[in-house]
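Notes to accompany the following structure.
The structure presented is a predicted model; accordingly, all values stated were derived computationally and were not measured.
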Amino acid sequence: MAESPITPRQKDFAAWYQDVVLQGDMAEPAEIVKGCMVIRPNGYAVWEGLHRELDARFKATGHENVYFPLLIPESFLKKEAEHVEGFAPELAVVTIAGGKKLEEPYVIRPTSETIIGHFFARWVQSHRDLPLLYNQWANVIRWELRTRMFLRTTEFLWQEGHTAHSTHAEAQEEVLRMLDVYADVAENIMAMPVIRGVKTQTEKFAGALRSFSIEAMMQNGLALQAGTSHDLGQNFGKAFDVKFQSKEGQLEYVWQTSWGVSTRLIGGLIMSHSDDKGLVLPPKLAPKKAVIVPIARKDEERTAVLEAAHRIAADIGAKVDDREGQSPGAKFFHWERRGIPVVLELGPRDLASGNIVLKRRDTGTKEILPQEGIAAKVASTLDTMQIDMLAAAKERLKANTVLANSIEEVEDILRDVTAEKGGGKFVMAHLKDDAVCDARLKEFKATVRNIPLVDEYDGAGKCLITGETVDRRVVIAKSY
RNA sequence: CGGGGCGUGGCUCAGCUUGGUAGAGCGCCUGGUUCGGGUCCAGGAGGCCGGAGGUUCGAAUCCUCUCGCCCCGACCA
């Protein structure tokens, strides 16, 4: 990949995002496959990091991994009325296989509630079979009309949790438990603050009773739905006849949940932290934490510098960029745009003084430090960066969150906001969970992102549109 | 799926209006030189001009169709 300039955020945020993804070796458009992308090593390693962190938490909360088929009989999708209505426009369907037209077409899974419902029905007879706590790591296909790398692609990688419970209360607990897992990973691993909340009825998952989300704010002020957790009620239980006999001997439908996060998280990560110089990754997700760039003028210097660089690198677990024919300056730019958290410079001056230069990717600050104890210093710097990056992102979220007390005010704030121009805000306002309100927001392309679980503002107030009393302010924003 | 823009060495693009058999810069390779934020010099490799069809003596250039990418809009993790 040639190293071209990166469009500044201020000039065109969407162009900047694409430049960062490309120049950071994260991914590139698949080109020959519409709407799809190739995830490159630097990008896939970030996904592996998220996979590792999430999977550990799923296991810790009692879930087991499973795998269901990619292909789902078309009739399955139709069993849940809302579900089919929601997904029909974005399905890819296999109609010919083995050279013959299929009797019943298969859809390529857009999500797996239906096929899992079918098998749940076979596996559940008694309340003793419950709960079923499963998770699947998979790819899905949704025929999107407009794609952006990581944020929305035709095919994407995700995990989908699917659970079945004997009571609604237990299912509801599960829904919130997993939402908290997502919030934990977002904030403590990705350094991306999120707002946990309930989706409005118009925005909920097709087939759910209620959907919950974590919403993050990107640097352009747009909202990104970073994860969802759904209370499916008994909708799929009824559609797929998933029944169990209770302790009391009654036949009842199971209460199900589903929850997922996707490679979209990587897009959120990029738009949370990166700058005009390229990718910035939080240390906990950076595939490589530190690189040493040796600086040497003459051959005899080179030998000594490289020897010291490798010795220090082994101590830290860092990589030495000993490529020849590349100036140190070129190497600094190279690693900078790939988001390496820490770059260490080691040259003749440092050899003489016993020092080494440490540069932080997030703040760009350089420090001259003794080589002695540099491993511990790198480790503590990485810890500090992780904390500072979350703090900076929280600060930005706070600075761009405003209160509004009339619908005109909301509209004034958000009307001219676009992904390219930026200037987006989270507008906190009292609004009823009602289709009329959602429709009014749609006039200026904004949506209720969610109704926060925790009210950080002034409690109840009158809905700006219906005038009815609602118990807290909701998050209104433009979103990806 | 509608509107707009764009597909020419790896990348960014010129050439297209006024058809005559392909260029620049960057990157890449070789050698030398340099090295504390994109060194410099010399030599070199690399393109059936997105694809298919048509018009023509002749097409990157004109026409038709098609595929893909980017942006905007309606739909969505």
Whole-Å P distance, G9(B) and C13(B): 12 Å

G36(B), A74(B), A77(B): which one has an atom nearest the side-chain heavy atoms of Lys445(A)? A74(B)

For Glu82(A), salt bridge (charged side-chain N to carboxylate O under 4.0 Å, His left out) partners two or more places apart: Lys204(A)

Lys331(A) has an atom NZ; how far is it from atom P of U39(B), in whole Å? 11 Å

Heavy atoms from other residues, nucleotides or ligands near CD of Glu372(A) exceed 12 (cutoff 6.0 Å): no

Show me the pairs that pass side chain to side chain donor-acceptor pair (under 3.5 Å) and involve residues 185-196 of chain A, at least two apart or across chains. Asp180(A)-Arg196(A), Asp184(A)-Asn188(A)

Within residues 255-269 of chain A, which residues have any heavy atom lying less than 4.0 Å from an atom of RNA chain B? Ser262(A), Arg264(A)

Result block: side-chain N/O donor-acceptor pairs under 3.5 angstrom for residues 261-274 of chain A, not counting sequence neighbours:
residue, atom, partner, partner atom, Å
Ser262(A), OG, Arg264(A), N, 3.0
Thr263(A), OG1, Leu157(A), N, 3.4
Thr263(A), OG1, Leu157(A), O, 3.3
Arg264(A), NE, Leu151(A), O, 3.0
Arg264(A), NH1, Gln225(A), O, 3.1
Arg264(A), NH2, Leu151(A), O, 3.3
Ser272(A), OG, Gly268(A), O, 2.7
His273(A), NE2, Met190(A), O, 2.8
His273(A), NE2, Ala191(A), O, 3.3
Ser274(A), OG, Ile270(A), O, 3.2
Ser274(A), OG, Val280(A), N, 3.0

Spacing of Trp158(A) atom CH2 relative to A77(B) atom C1', expressed in whole Å: 7 Å

Say you pick atom P in C29(B) and the same atom in U39(B); how far apart are they, in whole Å? 15 Å

Nearest-Å distance once atom C1' is located in both U61(B) and A22(B): 12 Å

With both distances under 3.5 angstrom, what nucleotide forms a Watson-Crick or G-U wobble pair with G73(B)? C1(B)

My understanding is that a pair needs two contacts under 3.5 Å, Watson-Crick or G-U wobble. By that rule, which nucleotide pairs with C13(B)? G23(B)

With sequence neighbours excluded, residues passing side-chain contact (heavy atoms from CB on, under 4.5 Å) with Leu369(A): Leu358(A), Glu367(A), Ile374(A), Lys377(A)

For U8(B) and C48(B), measure between their P atoms and round to the nearest Å. 13 Å

5' precedence on RNA chain B between Lys277(A) and Phe150(A) (nearest-nucleotide basis): Lys277(A)

Every protein N/O within reach of nucleotides 66-71 of chain B N/O, cut-off under 3.5 Å:
residue, atom, partner, partner atom, Å
G68(B), O3', Glu31(A), O, 3.4
G68(B), O2', Glu31(A), O, 2.9
C69(B), OP1, Gly35(A), N, 2.6
C71(B), O3', Glu420(A), OE2, 3.1

Between G38(B) (P) and Arg338(A) (CZ): distance, integer Å: 17 Å

Residues forming a ring-ring contact (aromatic ring centres under 6.0 Å, His included) with Trp137(A), sequence neighbours excluded: Trp47(A), His51(A)

Please classify the nucleic acid contact of Phe156(A) as base, sugar-phosphate, or nothing, using heavy-atom distances under 4.0 Å. base

Whether the Thr447(A) and Arg449(A) side chains hold a donor-acceptor pair (N or O, under 3.5 Å, no angle test) is what I'd like checked. yes

Using atom C1' of each nucleotide, how far apart are G50(B) and U34(B) to the nearest Å? 41 Å

Could you note down all residue pairs passing side chain to side chain donor-acceptor pair (under 3.5 Å) where residues 288-306 of chain A supplies at least one of them, sequence neighbours left out? none

Report the residue (Ser479(A) or Asp350(A)) whose heavy-atom-nearest nucleotide on RNA chain B is the more 5′ of the two. Asp350(A)

Output the rounded distance in Å from CG (Leu344(A)) to P (G36(B)). 17 Å

Among all residues two or more places apart in sequence or in another chain, which pass the ring-ring contact (aromatic ring centres under 6.0 Å, His included) test with Tyr106(A)? none

Please name the nucleotide paired to G7(B) by Watson-Crick or G-U wobble geometry with both distances under 3.5 Å, or report none. C67(B)

When rounded to whole Å, the NE2 to P distance for the pair His334(A) and U39(B) reads 14 Å

Considering every strand and a 4.0 Å limit on heavy-atom distances, what is the contact class for Lys442(A): base, sugar-phosphate, or nothing? sugar-phosphate

Compare the minimum distances between each of A77(B), G36(B), G38(B) and the side chain of Arg337(A), then state the nucleotide with the smallest one. G38(B)

With sequence neighbours excluded, residues passing side-chain contact (heavy atoms from CB on, under 4.5 Å) with Val38(A): Glu28(A), Ala30(A)

His230(A) vs Phe205(A) aromatic rings, parallel, tilted or perpendicular, using cut-offs 30° and 60°? parallel

In Watson-Crick or G-U wobble terms, both distances under 3.5 Å, what is the partner of U18(B)? none

Using ring-ring contact (aromatic ring centres under 6.0 Å, His included) as the criterion, list what pairs up with Phe240(A), not counting sequence neighbours. Phe76(A)

Base paired to U33(B) (Watson-Crick or G-U; both N/O distances under 3.5 angstrom): none

Any strand is fair game: report the nucleotide pairing with U61(B) by Watson-Crick or G-U wobble, both distances under 3.5 Å, or none. none

At a cut-off of 3.5 Å, list every protein nitrogen or oxygen paired with a nitrogen or oxygen from nucleotides 32-35 of chain B, distance to 0.1 Å.
residue, atom, partner, partner atom, Å
C35(B), N1, Ala296(A), O, 3.4
C35(B), N3, Ala296(A), O, 3.2
C35(B), N3, Arg302(A), NH2, 3.1
C35(B), N4, Arg297(A), O, 3.3
C35(B), N4, Arg302(A), NH2, 2.2

Taking the six-membered ring of Trp158(A), is the NZ or CZ of Arg142(A) close enough (under 6.0 Å from the centre) and on axis enough (within 45°)? yes

Could you tell me whether Glu345(A) contacts a base, only the sugar-phosphate backbone, or nothing, with contacts defined as non-hydrogen atoms closer than 4.0 Å? base

Just checking His162(A) against Phe120(A), ring centres under 6.0 Å apart? no

Figure out the CG/C1' separation between Asp25(A) and G10(B), and round it to whole Å. 13 Å

In whole Å, I'd like the distance from the CZ atom of Phe333(A) to the P atom of G36(B). 12 Å

Say we look at G51(B) and C6(B): how far apart would their C1' atoms be, to the nearest angstrom? 16 Å

Would you kindly give the CD1-to-P distance between Ile6(A) and U12(B), to the nearest whole Å? 14 Å

NA contact type, Glu144(A), heavy-atom cut-off 4.0 Å: base, sugar-phosphate, or nothing? base

